[in-house]
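Structure first, then comments.
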Amino acid sequence: MTPNNDHPLLFRMLELLQTAASKGVLRKAVCSKPADPTVQKTVLTLRTSAKGLYLQAETFHTDNKATHRNFPLTDRASAELTALASAFSQINLITSAGECEYRTSASGKTVLLGADKLARRLAATEQASEMIAPLSNNREKQYILTGAEPFLQHLGVSDKNGRVYDRKQAKFRQINRFLELIRDVEDKLPKEELVICDLCCGKSYLSFAVYHYFANIKGSKVTMTGVDLKADVIEHCNKTASALGFEGLHFLCMDIKEFEPKVRPGLVISLHACDIATDLVLTRAADWGTDVILSTPCCHHELNHHISCPTLSFITDYSMLRQKLCDAATDALRLCRLEAQGYTTTALELIDPDETPKNIMLRAVRKKSFDPQSEAARAAAERYRAAKEFLCGTQTDSLHF
């Protein structure tokens, strides 16, 4: 690497990083305290592919997405690595030979701790004896569930040996991804006793998975209710819950418009409630003051029937593009409405769109100190009203979103 006189300590840290990587003793380098508020951290790890060794930078963003960049173990990577690393105020280099830490203070002063000791150890390191196996770029993903869980066998996702059936692989990935998204908001849920509702639960794959996650994996006290109109499905789900010993999980056959939980739910979930059923789910959950709402909509027809926006006619004149626009606009309006009701909202990807086009997760987390009379609340409500009028004109009272 060519020395960087502007950032000598940062250059030395990156030099140690590349040395550790080239000797195969790098565990990871964690870049934290970013200048960009949309970034949480970046983790550099040693990877291998058919083309050889390289460094992968995995950047975690505040919207729970992650992006990746690869750097070859050559001199030409130094400028790009320096640009990446200089966006953070702290870097921790962790190797099997030792550790060091780079820090930048608010005043711009930099320090590098443990570098001399690590450099001596790296110089004395024998690659063959201490090398850490680099991660494969094609390594198998580690899921929360393994397939051996009894409820997955009862639901026909896996066999008695815990092997997930080929035809259920997509469902297995979907369930695990949903649990990952729940894990991201665990700290926003009640700690003592958790009340969960699954509205329009259908066959209830998620009900069983979420109950298992909190009751069996996390050891929480959980009361969970699934609600749906299909009597035969609800009967089967109750029998399955009883057979599994899921004492806190129950299912009701009724219209969700008539369902009233005895205790305010901490979490409301819904997977693929069709069209305006999703709006009813969101309305009920927000009216109850639910702490966290996770909903994956299904079809979107309501707005397609009502959209009346001359400004967007260059899109709405084409039926296929009109539907795609309405899909996105409907979910955006739903999030706007929840923001006006005191929630922080996000749209996330549930699963690979190649597996299902119904892959958008709407997430809403209740603000603990929300004041509906505040200026911010009034501005959010006005933003929601203006968006509806822009898309549908002034006759919007009959709309469900």
Side-chain angles (χ1 to χ4, degrees), residues 10 13-14 17 26-47 54-71 77 79-94 101-104 106 135 137-139 141-144 173-189 213 267 269 291-297 327-329 331-332 334-336 338-339 343-368 376 380 383:
L10 178 60
M13 162 63 85
L14 295 179
L17 167 65
L26 173 67
R27 295 190 186 277
K28 62 182 176 179
V30 181
C31 306
S32 56
K33 299 182 180 178
D36 185 347
T38 67
V39 171
Q40 293 179 327
K41 64 180 179 180
T42 291
V43 179
L44 287 153
T45 51
L46 185 62
R47 302 290 178 121
Y54 63 93
L55 288 171
Q56 182 178 91
E58 184 174 20
T59 299
F60 298 88
H61 301 268
T62 54
D63 62 0
N64 292 316
K65 292 184 178 180
T67 55
H68 302 84
R69 289 177 61 190
N70 296 333
F71 301 95
E80 294 181 45
L81 271 176
T82 301
L84 172 73
S86 61
F88 296 87
S89 296
Q90 182 170 324
I91 304 172
N92 290 85
L93 175 59
I94 303 167
E101 179 177 281
Y102 169 85
R103 290 204 303 257
T104 303
L135 297 170
N137 201 39
N138 299 314
R139 71 191 190 282
K141 179 176 175 61
Q142 297 298 307
Y143 292 112
I144 293 175
R173 288 190 291 270
Q174 181 191 68
I175 293 171
N176 273 286
R177 174 60 176 155
F178 202 99
L179 293 182
E180 289 172 359
L181 292 172
I182 283 180
R183 184 173 59 188
D184 291 340
V185 292
E186 272 184 73
D187 60 332
K188 306 297 190 299
L189 297 172
Y213 176 74
L267 174 65
I269 65 172
D291 294 294
V292 176
I293 306 168
L294 298 176
S295 175
T296 300
D327 289 354
D331 288 338
R334 288 165 170 163
L335 295 177
C336 282
L338 288 168
E339 288 175 2
Y343 286 83
T344 299
T345 62
T346 309
L348 304 166
E349 187 174 78
L350 175 62
I351 200 167
D352 192 328
D354 288 341
E355 296 187 2
T356 173
K358 307 167 188 177
N359 71 322
I360 301 299
M361 161 75 75
L362 306 182
R363 184 180 72 191
V365 178
R366 186 170 64 92
K367 299 175 183 176
K368 302 299 184 184
R383 179 170 177 253

Apply side-chain contact (heavy atoms from CB on, under 4.5 Å) to Thr344 and list each qualifying residue two or more places apart in sequence or on a separate chain.
Lys367
Quick one: closest heavy-atom pair of Ser86 and Ala83, and the distance?
OG-O, 3.0 Å
Rounded to the nearest 0.5 Å, what separation is found between the CZ atom of Arg27 and the CG atom of Asn92?
14.5 Å
To the nearest 0.5 Å, what is the distance between OG1 (Thr82) and CE (Met13)?
12.5 Å
Does the side-chain contact (heavy atoms from CB on, under 4.5 Å) test come out yes or no for Leu179 and Tyr143, once each step is laid out?
CA-CA 9 Å; Leu179 293 182; Tyr143 292 112; over 6 Å; no
Looking at side-chain heavy atoms only, is the closest gap between Arg177 and Met361 below 4.5 Å?
no
Set of side-chain contact (heavy atoms from CB on, under 4.5 Å) partners for Ala332, sequence neighbours left out
none
I'd like to check Leu84 versus Cys31 (side-chain heavy atoms, cut-off strictly below 4.5 Å). Are they in contact?
no
Is the closest side-chain donor-acceptor distance between Thr45 and Arg47 under 3.5 Å?
yes
Picking from Leu338, Val185, Ile182, Ile293, what satisfies side chain to side chain contact (heavy atoms under 4.5 Å, CB included) with Arg363?
Val185
dist Asn70:CG -> Leu44:CG (nearest 0.5 Å) comes out at 10.5 Å
Asp327: which residues meet the salt bridge (Lys or Arg N to Asp or Glu O under 4.0 Å) condition with it, sequence neighbours left out?
none
Residues that Leu335 engages under side-chain contact (heavy atoms from CB on, under 4.5 Å), provided they are two or more places apart:
Thr345, Ala347, Leu362
Can you name the side-chain contact (heavy atoms from CB on, under 4.5 Å) partners of Ala85, sequence neighbours left out?
Leu10, Leu14, Ile91
Any heavy-atom pair between the side chains of Arg334 and Ser295 that's under 4.5 Å?
no
Trace of the side-chain contact (heavy atoms from CB on, under 4.5 Å) decision for Leu55 with Leu26
CA-CA 10 Å; Leu55 288 171; Leu26 173 67; 3.6 Å; yes
Any non-hydrogen side-chain atom of Lys368 less than 4.5 Å from a side-chain atom of Asp291?
yes
Name all residues meeting the side-chain hydrogen bond (donor to acceptor under 3.5 Å, both in side chains) criterion together with Tyr102; count only those two or more places apart in sequence or in a different chain, and write none if there are none.
Thr104
Minimal non-hydrogen separation, Phe178 against Leu294, with atom names
CZ-CB, 4.1 Å
How many angstroms lie between atom NZ of Lys188 and atom CG of Leu267, to the nearest 0.5 angstrom?
13.0 Å
Qualifying residues under side-chain hydrogen bond (donor to acceptor under 3.5 Å, both in side chains), relative to Lys33, sequence neighbours excluded
Gln90
List the residues meeting salt bridge (Lys or Arg N to Asp or Glu O under 4.0 Å) with Arg383, not counting sequence neighbours, and say none if there are none.
Glu339
Taking all non-hydrogen atoms of both residues, which atom of Phe88 and which atom of Ser32 are closest, and how far apart?
CB-O, 3.3 Å
Residue list, side-chain hydrogen bond (donor to acceptor under 3.5 Å, both in side chains) with Asn176, at least two apart or on another chain
none
For Thr42, give me all partners under side-chain hydrogen bond (donor to acceptor under 3.5 Å, both in side chains), at least two apart in sequence or on another chain.
Thr59
Let me confirm one number: the CG-OG1 distance from Leu181 to Thr346, rounded to the nearest 0.5 Å.
10.5 Å
Rounded to the nearest 0.5 Å, what separation is found between the NZ atom of Lys41 and the CD atom of Glu58?
9.0 Å
